[in-house]
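Notes follow the structure.
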Amino acid sequence: MPSTALTRYETDRRQRLDELLAAHRLVGGTGRGRRWRTQQLNNSLVLRLAAEFQGFARDLHDLAGDTFASWAAGGNTKLETVLRARLSEARQLDRGNAHPGSLGSDFGRFGFELWPALAARDPRTASQQESLELLNEARNAIAHDDEARLAALEAQGNPITLRTFRAWQRDLDGLASTLDAEVAAHLGLLFQRATPW
């Protein structure tokens, strides 16, 4: 069963991306061929995808922190409040991109090495991690108006196009599902309980 964070990612957060995709279809059409006047929509899709994935990761971390604090405190509400605050204190997801390092650091607070655990769960993790890194590079280049970095991404085979966006979205959707399942499994194992979602 997915967490509320993943459910929201697959519904509310997906809806915002779908609205941009609908605008893209209106401007660029649905037929084959070169699209004109869609570059700013492609840029917007990249920015929005990075934002929605970061929001999902933060929601999942909050949910995991709530579960960890509740289970560890054993009914002591003051201790639960302290644990919850410590688990989210100076969290990188609150001030920077959801890149592999920030995810590893923030979810590592729950006592596991995130990326090896994800890779053990799903062999596609390495390519999904690469897509996350590329998405964040593109997001930063767009947000900081770094034309040289955008040109470098294009030269590396990652132009900011609808096709590239869809590939990154597919990989991040898979990564979100794996992350959701692994965090639940880890918490269940850590506390010797059934998974929380």
Side-chain angles (χ1 to χ4, degrees), residues 1-18 45-46 48-73 83-84 86-139 156-158 163-197:
M1 180 170 126
S3 69
T4 56
L6 183 59
T7 300
R8 183 171 178 227
Y9 179 75
E10 293 174 341
T11 56
D12 300 345
R13 294 184 181 285
R14 176 78 42 83
Q15 175 67 35
R16 290 190 279 266
L17 289 168
D18 288 346
L45 282 163
V46 167
R48 191 82 241 170
L49 179 59
E52 297 303 348
F53 187 80
Q54 181 168 347
F56 155 73
R58 197 172 40 247
D59 288 350
L60 182 62
H61 194 275
D62 284 343
L63 184 59
D66 290 346
T67 301
F68 186 102
S70 174
W71 288 359
L83 290 171
R84 186 178 293 112
R86 296 299 297 184
L87 287 166
S88 63
E89 183 178 38
R91 182 170 59 179
Q92 291 183 33
L93 286 168
D94 290 331
R95 63 183 191 280
N97 295 339
H99 57 79
S102 64
L103 291 173
S105 175
D106 288 348
F107 282 97
R109 296 173 187 207
F110 299 112
F112 71 118
E113 294 290 325
L114 178 68
W115 292 103
L118 294 177
R121 179 171 288 275
D122 187 337
R124 297 170 296 181
T125 296
S127 65
Q128 294 166 344
Q129 182 178 356
E130 182 180 356
S131 289
L132 178 60
E133 290 170 352
L134 290 167
L135 172 70
N136 278 297
E137 283 185 51
R139 178 257 172 235
Q156 295 167 1
N158 299 291
R163 175 179 285 182
T164 302
F165 161 79
R166 288 191 187 281
W168 289 343
Q169 182 184 31
R170 181 184 60 245
D171 282 350
L172 265 61
D173 287 353
L175 183 58
S177 294
T178 305
L179 180 58
D180 193 70
E182 185 57 36
V183 169
H186 174 71
L187 289 172
L189 184 63
L190 185 65
F191 287 96
Q192 297 295 297
R193 298 176 69 155
T195 58
W197 54 82

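Position 1 is the first residue of the sequence; numbering continues from there. Here the structure is a predicted model, which means the values were calculated and not measured.
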Are T11 and Q15 close enough, and set up right, to give a side chain to side chain contact (heavy atoms under 4.5 Å, CB included), and what steps lead you there? CA-CA 6 Å; T11 56; Q15 175 67 35; over 6 Å; no

Test log, rule side chain to side chain contact (heavy atoms under 4.5 Å, CB included), inputs S102 and Q54: CA-CA 10 Å; S102 64; Q54 181 168 347; over 6 Å; no

Under the side chain to side chain contact (heavy atoms under 4.5 Å, CB included) rule, what do R13 and D59 come out as? Steps first, then yes or no, please. CA-CA 12 Å; R13 294 184 181 285; D59 288 350; 3.1 Å; yes

Side chain to side chain contact (heavy atoms under 4.5 Å, CB included) assessment of L93 paired with F107: CA-CA 10 Å; L93 286 168; F107 282 97; 4.3 Å; yes

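Atom OG1 in T164 sits 9.5 Å away from atom CG in L134 (nearest 0.5 Å). Considering CG of D173 and CZ of R14, their distance stands at 4.0 Å, rounded to 0.5 Å. Here the straight-line distance linking atom CG of N97 with atom CD of E133 works out to 12.0 Å at 0.5 Å rounding.
Partners of T67 according to the side-chain contact (heavy atoms from CB on, under 4.5 Å) rule, which considers only residues two or more places apart in sequence or in another chain, are W71, L187, P196, W197. Scanning for side-chain contact (heavy atoms from CB on, under 4.5 Å) contacts around D12 gives R8, with sequence neighbours left out. Partners of F56 under the ring-ring contact (aromatic ring centres under 6.0 Å, His included) rule, at least two apart in sequence or in another chain, are Y9, F53. By the side-chain contact (heavy atoms from CB on, under 4.5 Å) test, R95 pairs with A90, Q92, sequence neighbours left out. By the side-chain contact (heavy atoms from CB on, under 4.5 Å) test, A50 is found to be paired with L135, R139, residues two or more places apart in sequence or in another chain being considered.
V46 and A138 make their closest contact through CG1-CB, 4.0 Å (heavy atoms, listed as atom of the first residue, atom of the second, distance). Scanning all heavy atoms of the two residues, the minimum distance from S88 to D94 falls at O-OD2, 4.0 Å.
Checking side-chain atoms of S105 against main-chain N and O of G101 turns up no donor-acceptor pair under 3.5 Å. Using a distance-only test at 3.5 Å, with no hydrogens or angles considered, no donor-acceptor pair links the side chain of R109 to the main chain of G65. Distance alone, capped at 3.5 Å, is enough to place a donor-acceptor pair between the H61 side chain and the D106 backbone. Of the possible donor and acceptor atoms, none in the side chain of R84 sits under 3.5 Å from a partner among the backbone N and O of A69. No donor-acceptor pair closer than 3.5 Å links the side chain of D171 to the backbone N or O of Q129. No side-chain donor-acceptor contact under 3.5 Å links E52 to the backbone of L49. The main-chain N or O of A176 is never found under 3.5 Å from a side-chain atom of D180 such that the two would form a donor-acceptor pair.
Using a 4.5 Å heavy-atom threshold, the side chains of F112 and L190 count as separate. With contacts defined as side-chain heavy-atom distances shorter than 4.5 Å, the pair R170/S131 does not qualify.
Around CZ of R16, the count of heavy atoms belonging to other residues, nucleotides or ligands within 6.0 Å exceeds 12. Annotation: E130, atom CD; neighbour count of heavy atoms from other residues, nucleotides and ligands within 6.0 Å does not exceed 12.
Between F68 and F191, the ring-plane angle classifies as perpendicular under the 30° and 60° cut-offs.
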Name the atoms and distances for all side-chain donor-acceptor pairs under 3.5 Å in residues 113-126, with sequence neighbours left out.
unit_1: W115; atom_1: NE1; unit_2: P100; atom_2: O; d: 2.9
unit_1: R121; atom_1: NE; unit_2: E182; atom_2: OE1; d: 2.6
unit_1: R121; atom_1: NH2; unit_2: E182; atom_2: OE1; d: 3.2
unit_1: D122; atom_1: OD1; unit_2: R124; atom_2: N; d: 2.8
unit_1: D122; atom_1: OD1; unit_2: R124; atom_2: NE; d: 3.0
unit_1: D122; atom_1: OD2; unit_2: R124; atom_2: NE; d: 3.3
unit_1: D122; atom_1: OD2; unit_2: R124; atom_2: NH2; d: 2.7
unit_1: D122; atom_1: OD2; unit_2: T178; atom_2: OG1; d: 3.3
unit_1: T125; atom_1: OG1; unit_2: L118; atom_2: O; d: 3.0
unit_1: T125; atom_1: OG1; unit_2: D122; atom_2: O; d: 2.8

